[in-house]
Amino acid sequence: MSSADIYRELILDYYRNPRNFGKLEKFDISAHDTNPLCGDEIEMQIRVGENSKIEEIKFSGRGCAISQASASMLTELAKGKPLEWVKLVAKEDVFKMLGDPELGPSRVKCALLGMKVLKTGVYGYLGAHYEDPEPGT
Ligand code: FES
């Protein structure tokens, strides 16, 4: 089995048995986005714990294997990390997590949908809760 096969299996496994799939009853962050090319969607909810850590995170949505697997893998990575960690996540990290598959432009959007939702939610929360003090105050 080549490493590409192994990653393909892994993506299918996450698609069929998505980790952290569902909704949280109590959450501090919620974000949602769709892939404009196909209309597929992902929603993420996060409960923020002590020291601004991602205490609990879940996602839901519908879409292709790569979009759902990527979102699910990201929730696993994010759990327990500080919110600030989300700022460091780059698209290359997501591609690496998926085994660096060859992706055409439309599939790139699939792979990055989860990251986009995660960043949208966390950036919005950080902006609302930790704004820089006004200069001179
Ligand atoms: Fe819709 Fe991949 S085909 S997110």
Side-chain angles (χ1 to χ4, degrees):
M1 218 185 199
S2 71
S3 72
D5 289 338
I6 292 169
Y7 274 103
R8 206 169 299 127
E9 283 297 311
L10 193 68
I11 288 168
L12 282 177
D13 184 50
Y14 270 84
Y15 178 56
R16 292 184 188 125
N17 312 294
R19 283 61 145 182
N20 298 322
F21 189 87
K23 301 213 178 204
L24 293 175
E25 262 179 39
K26 288 187 184 167
F27 53 85
D28 304 290
I29 297 172
S30 175
H32 169 268
D33 208 344
T34 54
N35 182 343
L37 297 174
C38 59
D40 290 344
E41 54 189 333
I42 288 190
E43 180 175 357
M44 276 193 197
Q45 295 173 330
I46 296 173
R47 194 163 62 237
V48 181
E50 273 182 25
N51 300 323
S52 301
K53 284 220 166 82
I54 298 175
E55 187 174 282
E56 196 60 67
I57 176 166
K58 287 213 183 276
F59 85 100
S60 56
R62 59 182 176 81
C64 61
I66 210 153
S67 70
Q68 304 300 300
S70 167
S72 181
M73 288 178 185
L74 259 182
T75 61
E76 281 199 312
L77 267 185
K79 206 166 175 174
K81 298 263 192 343
L83 287 174
E84 292 281 331
W85 169 84
V86 173
K87 290 186 183 171
L88 305 175
V89 179
K91 57 181 193 280
E92 291 75 20
D93 300 318
V94 175
F95 296 147
K96 203 158 135 201
M97 187 179 77
L98 295 167
D100 276 322
E102 297 237 347
L103 298 172
S106 65
R107 306 301 282 167
V108 164
K109 283 219 174 353
C110 301
L112 297 180
L113 183 59
M115 183 185 85
K116 204 171 150 208
V117 173
L118 180 65
K119 283 186 181 277
T120 302
V122 170
Y123 286 19
Y125 181 89
L126 288 173
H129 289 77
Y130 303 100
E131 274 177 46
D132 288 336
E134 293 285 321
T137 55

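These figures come from a predicted structure and were not determined experimentally. In this chain, residues are counted from 1 in sequence order.
- Remark: side-chain polar atoms of R107 are not paired, donor with acceptor, to backbone N or O of P105 under 3.5 angstrom.
- Side-chain contact between L103 and I66: present, with at least one pair of heavy atoms (C-beta onward) separated by less than 4.5 Å.
- Within 6.0 Å of atom NZ in K81, more than 12 heavy atoms from other residues, nucleotides or ligands are found, so the atom counts as buried in its surroundings.
- N35 and S106 get closest at one heavy-atom pair: ND2-O, 4.4 Å.
- Annotation: side chain to side chain donor-acceptor pair (under 3.5 Å) contacts of E55 (sequence neighbours excluded): R47.
- Distance alone, capped at 3.5 Å, places no donor-acceptor pair between the Q45 side chain and the F27 backbone.
- For the residue pair G61 and F21, the shortest heavy atom distance occurs at N-CE1, 3.8 Å.
- Taking 4.5 Å as the limit, some side-chain heavy atom of R62 sits within range of a side-chain heavy atom of D40.
- Listed here is the closest heavy atom pair of V86 and Y123: O-OH, 4.3 Å.
- Partners of D100 according to the salt bridge (Lys or Arg N to Asp or Glu O under 4.0 Å) rule, which considers only residues two or more places apart in sequence or in another chain, do not exist here.
- Side-chain contact between K87 and V122: absent, with no pair of heavy atoms (C-beta onward) separated by less than 4.5 Å.
- The shortest non-hydrogen separation linking K58 to K23 is CD-N, 3.8 Å.
- Within the model, atoms CZ of F95 and CD of E102 stand 12.0 Å from one another, a figure rounded to the nearest 0.5 Å.
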Worksheet entry | Residue pair V117, E41: steps toward the side chain to side chain contact (heavy atoms under 4.5 Å, CB included) verdict | CA-CA 10 Å; V117 173; E41 54 189 333; over 6 Å; no
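- Taking 4.5 Å as the limit, some side-chain heavy atom of I29 sits within range of a side-chain heavy atom of L83.
- Contact annotation: the side chain of I42 approaches that of Q68 to within less than 4.5 Å [non-hydrogen atoms, C-beta and beyond].
- L24 and M44 are members of different hydrophobic clusters when ILVMFWY side chains are connected at heavy-atom separations under 4.5 Å.
- Expressed to the nearest 0.5 Å, how far CG of L98 lies from CG of D93 amounts to 11.0 Å.
- In this view, S52 and Y130 satisfy the side chain to side chain donor-acceptor pair (under 3.5 Å) rule, not counting sequence neighbours.
- For residues 69-79, every residue pair satisfying the side-chain hydrogen bond (donor to acceptor under 3.5 Å, both in side chains) rule, not counting sequence neighbours, is listed here: Y14-E76, N20-T75, E56-K79.
- Annotation: salt bridge (charged side-chain N to carboxylate O under 4.0 Å, His left out) contacts involving residues 27-37, sequence neighbours excluded, comprise D33-K116.
- For the pair H129 and V48, the minimum side-chain heavy-atom distance is 4.5 Å or more.
- Placement of L37 and L113 in two distinct hydrophobic clusters is found when ILVMFWY residues are connected by side-chain heavy-atom separations under 4.5 Å, directly or transitively.
- Between L112 and K91, the shortest heavy-atom distance links the atoms CD2-CB, 3.5 Å.
- Checked against side chain to side chain donor-acceptor pair (under 3.5 Å), D5 has the following partners two or more places apart in sequence or in another chain: S2, R8.
- V94 and L12 sit in two unconnected hydrophobic clusters of ILVMFWY residues. Membership requires side-chain heavy atoms under 4.5 Å apart, directly or through other members.
- V89 is not listed as a side-chain neighbour of L77, based on a closest heavy-atom distance of 4.5 Å or more.
- A distance of 4.0 Å separates CE in M97 from CG in L74, rounded to the nearest 0.5 Å.
- Summarising the local packing, CD of E25 is surrounded by 12 or fewer heavy atoms from other residues, nucleotides or ligands at distances under 6.0 Å.
- Closest non-hydrogen pair, A69 versus Y15, comes out as CB-N, 4.3 Å.
- In this structure, E84 CD and I54 CD1 are separated by 10.5 Å, a value rounded to the nearest 0.5 Å.
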